[in-house]
Amino acid sequence: MKNGDHLFLVDGSGYIFRAYHALPPLTRKSDGLPVGAVSGFCNMLWKLLKDARNTDVGVVPTHFAVIFDYSSKTFRNTIYPEYKANRSVPPEDLIPQFGLIRQATKAFNLPCIEKEGYEADDLIATYARLAVEAGGDVTIISSDKDLMQLVNHKVSMYDGMKDKQISIPEVIEKWGVPPEKMIDLQALTGDSTDNIPGIPGIGPKTAAQLLEEYGDLDTLLARASEIKQQKRRENIIAFADQARLSRQLVTLKNDTPIDLGLDALVLEPQDGPRLIGFLKAMEFTSLTRRVAETTGTDAAEIEPVPVETEWGAAAHGPDLDKGEADGSAEATTAEVAGGSVAASVPAVSSEAAALTPAALAKSRADAALGQKIDTTGYVCIRDLATLQAWIDEATETGFVAFDTETNSLFPMEAELIGLSLALAPGRAAYVPLAHKSGTGDLLGGGMLENQIPLDQALAALKPMLEDRSVLKIAQNMKFDWLLMHRYGIDIAPFDDTMLISYALDAGPGGHGMDSLSERWLGHKTIHYKEVAGSGKSAVSFDMVDLERATAYAGEDADVTLRLWRVLKPRLAAEGAVSVYERLERPLVTVLARMEARGISVDRQILSRLSGELAQSAAAIEDEIYKLAGERFNIGSPKQLGDILFGKMGFPGGSKTKTGQWSTSAQVLEDLAAAGHELPRKIVDWRQLTKLKSTYTDALPGYINRETGRVHTCYAMAATSTGRLSSSDPNLQNIPIRTAEGRKIRTAFIAGPGNKLISADYSQIELRVLAHVADIPQLKQAFADGMDIHAMTASEMFNVPVKDMPSEVRRRAKAINFGIIYGISAFGLANQLSIPREEAGQYIRTYFERFPGIRDYMDATKAFAREHGYVETIFGRRAHYPEIRSSNPQMRAFNERAAINAPIQGSAADIIRRAMIRMDDALAEAGLSARMLLQVHDELVFEAPDEEVDKTIPVVRHVMENAAMPAVSLSVPLQVDARAAQNWDEAH
DNA sequence: GTCCGACCGTA
DNA sequence: TTACGGTCGGACG
């Protein structure tokens, strides 16, 4: 480098963040890869390279380099561990752009410079010094105030986004001090984004005024006592050391080791084809055209280069709600996407810098399988200081695996016994909080000593657990979230390994930690039974000795963290980001709150019903014994079969797979229809005892002592299709079809002054079918608000809808459902009790009238066979590996399930979206209605009497528009809603 | 004590 | 013909 040469230094890392926030979001058309910052970066580079003379810089560079931060940890952290500690993690759609911007730099044939342990700013300071010493001039492409200290008559800055040169006068104008005093100014003011303390109460204006008066920081500190303003004087004296430390932190290091000398930065000519290959891959069409013109390259001849991103993007399936004002979207949660990056990390870690998302996922998976997990090395934390140290480290790292130990599996009655944290694989701790001493006598034993008092531990944990810049990772977060919610802590943001697994691998095989650990880590976890015993000898977790509790609980957190490292990158690699972030994660808190609310159940009504059922059943029992001629256990299918088909000699219908005669309701109904009295009685008895044992007897046991309400538990990852399931108790199978059964619903009541509102989708699955299979007649019928089963019957049997016999409609209805279930002649015949041939003929007729349905079914089967999975309209996948089975029965079953899954699953996704938006929509309308239950196509709310009329339209609106705008259905959704005192009348 | 099959309630 | 969970009886250890 010589006199007259001019070096351009681009602050690459700074540019990324600035461009991300300043420029409108932009995604690659073909797959939704976020590329806004990349686009801005490329446009700026191109302008500087081709057009610098016409910018505010006014000169053409001879040397050029782009500088990046290497990683979050620099020498500054050794002087001040809190440095940049409160910086939040980059937003998810920025993460893939770090790698892309490096690739862009290389495509522009420019040197890409970074150095471990140093920030980009230090490298820029070093190169600027070297260039000036060699006689050159320097322009730093950045507007970061941290770099302004470097400005002098040979060094200036250039804001590439505002096309504005920043020289000495501009610095003075902006900050009131010349560039050489910027360090002292920053030392006084501090910087909250970098967590530089400075002196409290001193901002830029005061700092400039003080420096004007006293000259520099040291003089100011030495003469602080002369300052007139009392508060200011006291602060400067008290925080003098803090200011000196701050000065150390903001002073850029201009003698960092460098790998490339100045001569390596000489600007080389552009490699047109290489650059165009990259720009085409990014789908930047206008820049591609400009570059092609300037470099004389034929862009059409050039293939896009394969672009590699660390995380890829939500590239698969429809781009769910990008840019939509969606109540579901948590404000882009600060989070890291996979664990290789630490909290502040503007840089891509070396692990993955050159990997595709798929390759990263694979390397993580391979590495995890090779690692041994030692459960004896976990820490047991018994004092607040140690706990605080772990919390601090978690806060600094930016993510932590978290798990709770309790004395119950029901989150609404569980008490916190302890909790565990994991910061890195193998690095976990257990914090016992309510363990009892094992030596307790019959009176129960006392609390174990040397445990951190619960309130102190919670107070210490709360800031971290609620810190937006610390990602909390759990397996089945809904449990831990609800538990901690009851202790006054609302965990956010979070990831849930169970839900990540579910978004990726829904299908056969569960998503429990034990099975995930075996599958992905090759590690058999300690079974709960091994530490707490089982059955009668089982003890509550608070009686487990601390050594074993630490191993068990520590392992839970450790395994969760390891699973997260393996599974999270797969989301991007396999295009499941949208499903996870839009349909899974936001539902956690929605469901947790529903579970916490519970529903009021009238104990008296159930008790009365139980009595009635017992009486009726007893009466029938006597008649059964009389007819059978002996007493036996009616509830035993085996004994019943012996009586019916042995002793009584009834003709057996079908057999079960164990070879027993079936005593199913269908068989008994057939016998009853043939005029036999006993089978009828059995059917009646079964119905009564079923209602009694499953509902009226069991439900009161679920009424919570404290709340007086029933709190069901929803499983988010239990089904292969995306539906929820409900248990403890299951409130998704409360009877409705028979008059006797319906009475149970009258026990589900609104609280005083409230009503229950039931809102359910009408025919949602058939509507989804009409949409995905694109069936004109069905779509028209729904658009016209017609009776869909009658329309089907009319089409199939050529009968007018008017005055249609109910039997004809019934058959069409059965066929419609059969279609959704992946119809077979055998199944339809069974359902309608008609010969198989007749059923087969129905199906043929149906396909003739609606040929699109057969096309859809064939296409779905072919897709499933090829890929091993099927997808909902929102991109949720259900896997059916057995669809390629050589066993025809197995194969046929999987084909039917694969046909059903996109329909059932799309409907499930739609109601999920409605639920995710509902709380906000109600709040926005100023309504206090609360969502209590979900029953697949129905939502149940509780609302104050006087708000009912205003609530129903809001609920309907949210539900009917739930697919929008991610998917615009070609069929309207219809929601029926009603309010009443109890669930029976509301539905 | 634990597991599985049969049966049956819901969408 | 799809998707679930709960209860019971009965066989296993």
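The structure presented is a predicted model; accordingly, all values stated were derived computationally and were not measured. So that the names make sense, note that chain A is the first sequence line, chain B the second, and so on, each numbered from 1.
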- Message: Let's see if you get this right: which residues in residues 807-825 of chain A place a heavy atom under 4.0 Å from DNA chain C?
- Response: A/A814, A/G818, A/Y821

- Message: Can you pull out the residues from residues 827-837 of chain A that lie within a 4.0 Å heavy-atom distance of DNA chain C?
- Response: A/G827, A/L828, A/Q831

For the residue pair [X] and [Y], confirm or rule out a side-chain donor-acceptor distance under 3.5 Å.
X: A/S758; Y: A/E938; result: yes
X: A/T746; Y: A/N982; result: no
X: A/Q763; Y: A/Q974; result: no
X: A/S725; Y: A/T719; result: no
X: A/H789; Y: A/N816; result: yes

Determine whether the aromatic ring centres of [X] and [Y] lie less than 6.0 Å apart.
X: A/H711; Y: A/F410; answer: no
X: A/Y552; Y: A/Y528; answer: yes
X: A/Y580; Y: A/Y502; answer: no

- Note: chain A reaches DNA chain B at heavy-atom distances under 4.0 Å over the stretch, first to last nt, 5' to 3', of B/dG1 to B/dA11

Does the distance from a Lys or Arg side-chain N to an Asp or Glu carboxylate O, for [X] and [Y], drop under 4.0 Å?
X: A/E518; Y: A/K524; value: yes
X: A/E621; Y: A/K681; value: no
X: A/E985; Y: A/R978; value: no

Rounded to whole angstroms, how far apart are [atom1] on [X] and [atom2] on [N]?
X: A/N894; N: C/dA3; atom1: CG; atom2: C1'; result: 14 Å
X: A/N900; N: C/dC4; atom1: CG; atom2: P; result: 10 Å
X: A/M716; N: C/dC4; atom1: CE; atom2: P; result: 16 Å
X: A/L933; N: C/dC4; atom1: CG; atom2: C1'; result: 16 Å
X: A/L769; N: C/dA3; atom1: CG; atom2: C1'; result: 16 Å
X: A/I764; N: C/dA3; atom1: CD1; atom2: P; result: 18 Å

- Query: Has A/R896 got a side-chain N or O lying under 4.0 Å from the OP1 or OP2 atom of C/dT2?
  - Reply: yes

So what does [X] touch, heavy atoms closer than 4.0 Å: a base, only the sugar-phosphate, or nothing?
X: A/R737; result: base
X: A/T689; result: nothing
X: A/L731; result: nothing
X: A/Y761; result: nothing

Judged by atom type as modelled, is there a donor-acceptor pair below 3.5 Å linking the side chain of [X] to the main-chain atoms of [Y]?
X: A/S727; Y: A/P729; value: no
X: A/H771; Y: A/R767; value: no
X: A/Q639; Y: A/S636; value: no

- Identify, residue by residue, the members of residues 901-912 of chain A with a heavy atom below 4.0 Å from DNA chain B, and return them in order of residue number, or none. none

- Around atom CD of A/E530, are there more than 12 heavy atoms of other residues, nucleotides or ligands at under 6.0 Å? yes

Tell me which donor-acceptor pairs under 3.5 Å the side chains of residues 830-839 of chain A have, and how far apart each pair is, sequence neighbours excluded?
from   : atom 1 : to     : atom 2 : distance (Å)
A/E838 : OE2    : A/R811 : NH1    : 3.2
A/E838 : OE2    : A/Y842 : OH     : 3.2

- Item | Nucleic acid footprint by protein, nucleotides 7-13 of chain C - heavy-atom cut-off 4.0 Å, B for base, S for sugar-phosphate alone | SSSSS--

